[in-house]
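Read the structure below first, then the notes.
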Amino acid sequence: MYRLFVALRYLRSKKLNLIAILGVAIGVMALLVVLSVMTGFDQELRLRIRGTLSDLIVEKWGTEGSDTFSGYEEDIRKLTALEHVRACAPHLEGLALIAIGKTYRWGQFIGIDLEAEVKATNFAGYYRAWRSGEAAEACRAALQCLAGAQLGARERAELVAEALHAAEHMSAAELEKLPKRSRQLLLALARDAGIDLAAAWRRQSQVMPRWEAGFELKASHAPVIVGRDLAVLGVDPDGHEVQREVGEQIVLLTLRGPFEQHDLKFCRIVGKFKSGMYEYDYRTLYMPLEQAQDLMRKPGHVSSINIRLDDYAHADAVRRAILGIPSSAELRVLHGILKVVLDRAGRPGLCLELEGRLEELEANYSQWLATNNPKLPFISRELCAAYFEVMDRLPALGLEGAVRGLEQARRLRRVLEERQARSLGDRYRVSTWEDKRRNILRAVAVERRVMAVILFFMVLLAGFIILAILYTTVVEKTRDIGILKSIGGTVGGIMSIFLLNGLLIGLFGAILGTIGGTLLCKYLNDVEDVIYKLTRWRVFPRDVYSLDAIPVDKDPFWSIVLIALTAILVSFLAAVYPAYKAARMHPVEALRYE
Amino acid sequence: MSEFLSARDIVKDYGDVRRGGLRVLHGVSLHARQGEFVIIVGASGAGKSTLLHILGLLDAPTAGSVWLEGRDLGALDQRQQARIRAREFGFVFQFFHLLPDFTALENVILPAMTDTGLISWRRRRAEVVARGRELLARVGLADRLEHRPAELSGGERQRVAIARALINRPRLLLLDEPTGNLDTRTGDSVFELIWELNQKEGQTTIMVTHNEALVRRATGARILRIRDGRFV
């Protein structure tokens with residue numbers, strides 16, 4: 001009993017303990033905010049890294065330029081019949097020199113089937129993101145004019161109409177991002193005009209990209225939907241972006257065969273998209289699939305088929321189905337059953353060989369699958385063939401009755417044969433979007449790991465500070481320790497007083513830090529705004545990652561638990577040495593200490 | 001009367017004697033009966049405090065043993081010794097040795113907390129606090145319960161220390177120069193209190209002092225004189 005009593009009193013009576021608690025609290029708070037922002041950033045970044053990619057991408061084996069393929073309609077039919085496949089969209093991708101205004105840049109054009117594209121990728125979302133982004137910008141500008149200068153009645157009415165028109169094309173999220181006064185003004189204007197903004201936004205979320213844009217298109221011209229930043233020509237002296245608008249012309253120049261031949265394609269912008277990843281938005285444009293085939297002189301060809309799944313978790317299963325190969329677990333089952341037969345039939349040599357191949361396959365399975373290593377279909381098919389051959393010869397060997405689970409193997413064989421029959425075969429390679437972005441995703445992961453190591457050292461540092469503080473407490477309380485021993489304190493008792501001291505520092509620090517950190521995360525953007533207003537300095541410039549706010553982890557529960565527990569544990573561990581030192585003190589010497 | 005506490009051939013060295021270490025006690029023996037008042041007198045450095053520490057299990061002898069009612073205390077482990085210190089012994093030191101972060105009352109009741117668990121403490125708390133108040137009242141500090149040691153005079157501090165020594169109703173009171181750090185008048189009144197407690201409560205009391213005046217006043221106490229680590 002006295003342990004907790006004494007520990008609590010020591011905690012209260014020493015200012016240094018308060019500093020230690022604050023130290024832990026600040027550490028926990030910093031960790032929480034950093035981790036939360038990092039995780040939030042990671043989630044945003046993954047979305048951006050993914051960009052316009054769909055869940056799975058099917059391509060033909062081949063070198064650059066020769067890897068397009070025809071007959072894709074049949075492939076799409078096969079793919080759509082597979083389990084977990086929700087939609088497929090064909091792409092034909094090519095490189096072109098894009099002439100826009102007086103500037104030229106290299107970029108990528110993608111021929112798409114708009115109807116399929118909308119179902120299989122997030123293209124419609126990026127199209128809407130551009131529309132509402134432009135609308136929000138216009139709305140913000142109009143509202144600023146309204147709030148600022150002295151205006152005539154006519155001018156005012158025009159601006160109000162403009163703001164309201166723009167507001168109808170925005171989204172609810174963008175309203176939240178308007179400054180508070182502008183937001184209130186806009187809502188008041190909408191109420192006065194009797195406009196239901198929520199209904200308008202619901203309509204906006206149904207808007208689909210189309211190749212028509214309300215103007216006549218010459219037969220030789222292709223309609224294109226371009227990346228938002230591709231259309232930007234530069235910045236005028238007032239700091240406004242100059243861009244090519246919808247309806248204006250751009251020209252594509254493509255090379256064909258030997259280098260002396262080239263094709264020109266005149267295009268007109270019918271819409272724009274914004275994926276948030278500058279590299280895409282700067283270099284990518286979409287056109288109808290037939291136009292792209294025409295331009296590349298590859299009628300009926302596509303370069304990839306893009307698949308959306310009902311759940312990304314099934315990606316590997318769908319890949320195996322497309323390739324027509326068994327999983328390593330299925331192979332293991334076949335192998336386990338047939339090993340018995342192979343041993344009995346007196347061919348352990350073959351058995352060992354198969355086992356070696358199986359082990360090689362198992363060890364590399366996921367890596368081969370991710371990198372589309374041709375060894376994977378090759379070896380798995382070879383193994384299957386060997387197993388099936390043994391199965392066929394069972395009756396001749398008279399061993400049919402001797403194998404347990406043979407029925408299971410036969411069922412598995414039927415499954416695998418059916419999978420093989422329904423697959424696209426080995427003309428293709430299949431990648432998930434993560435495989436396609438492997439390098440950059442890995443870079444992000446390494447960054448995270450390095451950060452975690454640095455943060456761990458921070459925690460360690462806090463631990464040593466607590467150790468130093470507790471050690472001074474022990475030295476300071478030397479006489480008290482002697483007294484406590486003389487009135488019946490045991491070695492364990494004295495030890496636990498100081499352990500409790502450390503534990504309480506950790507506990508209170510963790511509680512304070514968690515509260516502070518959670519609050520700071522919640523109001524992080526407001527805090528940043530305040531700093532900006534006071535110092536005119538942006539901690540987090542929005543345009544670098546084209547994020548509207550500092551992203552935070554949306555579900556931070558487990559990281560909070562982890563950080564709080566780590567802080568408490570470190571404080572406790574830091575108390576071990578001082579507590580041990582205190583407990584070992586000789587009572588008479590402690591009492592003599594002045 | 002039966003033998004209550006005895007120390008047999010206690011030797012205490014500081015360091016190895018053959019290598020220039022110091023032998024403080026040269027095999028002293030001491031026997032005290034239940035309820036006896038023993039005063040050990042000697043000049044400073046005679047080893048009397050060391051003997052008291054050894055009797056109170058705060059220090060271990062180099063040789064020899066301490067027995068309490070036929071039990072060899074040196075054979076007990078650290079926990080059992082701590083238990084005996086808490087339950088059977090009460091200490092009063094020359095420099096009071098109160099915990100500065102606790103009030104007078106808290107200082108007094110701390111020994112009662114040391115061998116009580118969290119749950120049994122809830123049961124015992126009222127009783128212990130009442131006894132703490134009563135003891136402080138008895139040593140004349142009824143109005144000083146919530147004062148910190150720093151806010152008390154030397155005499156008052158020593159009275160708090162005496163009250164603390166008595167909280168667990170110890171059967172042995174060990175006093176190390178209890179008046180040594182007080183002026184004559186306060187010292188006298190503190191000694192008066194100790195004497196009175198011994199007469200009324202009957203706990204065995206062993207007091208160490210170099211103050212001859214106290215020795216003269218303690219009629220009926222057993223006086224032992226120690227010089228250079230030996231009784232004379």
Side-chain angles (χ1 to χ4, degrees), chain A residues 1-18 20 469-470 472-501 503-505 579-594, chain B residues 12 14 49-50 52-54 56-60 77-103 106-125 128 148-149 161 164-165 167-168 170 174 176:
Chain A
M1 169 57 215
Y2 72 111
R3 299 164 189 173
L4 189 63
F5 184 61
V6 175
L8 274 171
R9 181 61 53 89
Y10 281 176
L11 203 63
R12 219 177 61 189
S13 65
K14 243 186 119 189
K15 289 261 164 40
L16 215 52
N17 282 317
L18 205 68
I469 289 176
L470 283 175
T472 60
T473 310
V474 168
V475 170
E476 203 171 288
K477 301 290 181 196
T478 301
R479 211 155 57 108
D480 288 26
I481 293 163
I483 298 167
L484 284 168
K485 281 203 166 168
S486 79
I487 62 172
T490 55
V491 169
I494 306 290
M495 186 137 172
S496 40
I497 286 177
F498 289 95
L499 285 180
L500 267 171
N501 209 332
L503 196 66
L504 289 172
I505 287 177
Y580 173 73
K581 195 88 182 160
R584 263 192 26 174
M585 229 164 243
H586 194 279
V588 172
E589 278 159 30
L591 283 172
R592 219 179 277 138
Y593 178 86
E594 289 298 323
Chain B
K12 180 68 182 175
Y14 285 110
S49 286
T50 306
L52 197 77
H53 288 146
I54 289 172
L57 299 179
L58 286 176
D59 210 347
D77 68 25
Q78 174 278 127
R79 284 174 74 88
Q80 289 167 315
Q81 287 191 353
R83 211 178 172 82
I84 287 182
R85 277 205 297 270
R87 292 205 176 156
E88 314 276 359
F89 295 173
F91 288 96
V92 178
F93 300 99
Q94 180 181 1
F95 296 104
F96 325 129
H97 287 336
L98 299 175
L99 296 175
D101 299 315
F102 295 80
T103 66
E106 286 166 344
N107 262 295
V108 170
I109 63 175
L110 252 175
M113 298 169 91
T114 51
D115 64 341
T116 313
L118 200 62
I119 296 157
S120 47
W121 173 248
R122 285 166 66 105
R123 199 156 22 81
R124 280 191 61 198
R125 187 172 182 277
V128 170
R148 296 277 167 104
R164 179 179 66 187
I167 187 80
N168 280 344
L174 297 163
D176 188 1

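Here is the naming used below: chain letters follow the sequence lines, and residue numbers restart at 1 for every chain. Keep in mind it's a predicted model, so treat the numbers as computed, not measured. Just the heavy atoms: all of them, side chains too, but no hydrogens, waters or symmetry mates, feed the values below.
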Nearest heavy atoms of B:S49 and B:D176, plus distance in Å
OG-OD1, 3.0 Å
Pull out the residues in residues 492-501 of chain A that come under 4.5 Å of chain B, heavy atom to heavy atom, sorted by number.
none
Quick check on B:E106 against chain A: is it the side chain, the backbone, both or neither that has a heavy atom closer than 4.5 Å?
side chain
What heavy-atom pair brings B:G56 and B:L174 nearest, and what distance separates the two atoms?
CA-CD1, 3.4 Å
Backbone N or O of A:V491 within a donor-acceptor pair of the B:Q78 side chain at under 3.5 Å?
yes
Which residues pass the side-chain contact (heavy atoms from CB on, under 4.5 Å) test with B:A112, sequence neighbours left out?
B:R124, B:V128, B:I167, B:N168
So, the part of B:L98 with a heavy atom under 4.5 Å from chain A: the answer is backbone
Shortest non-hydrogen contact between B:D101 and A:R9, atoms and distance:
O-NH1, 3.0 Å
Establish, from distance only, whether the side-chain atoms of A:H586 and B:D59 form a donor-acceptor pair under 3.5 Å.
yes
At their closest point, which heavy atom of A:G489 faces which heavy atom of B:A82, and how far apart are they?
O-CB, 4.0 Å
Under a 4.5 Å heavy-atom cut-off, does chain A meet the side chain of B:F93, its backbone, both or neither?
side chain
Is a side-chain donor or acceptor of B:N107 paired with a backbone partner of B:F102 at a separation under 3.5 angstrom?
yes
Is it the side chain or the backbone of B:R164 that comes within 4.5 Å of chain A heavy atoms, both, or neither?
side chain
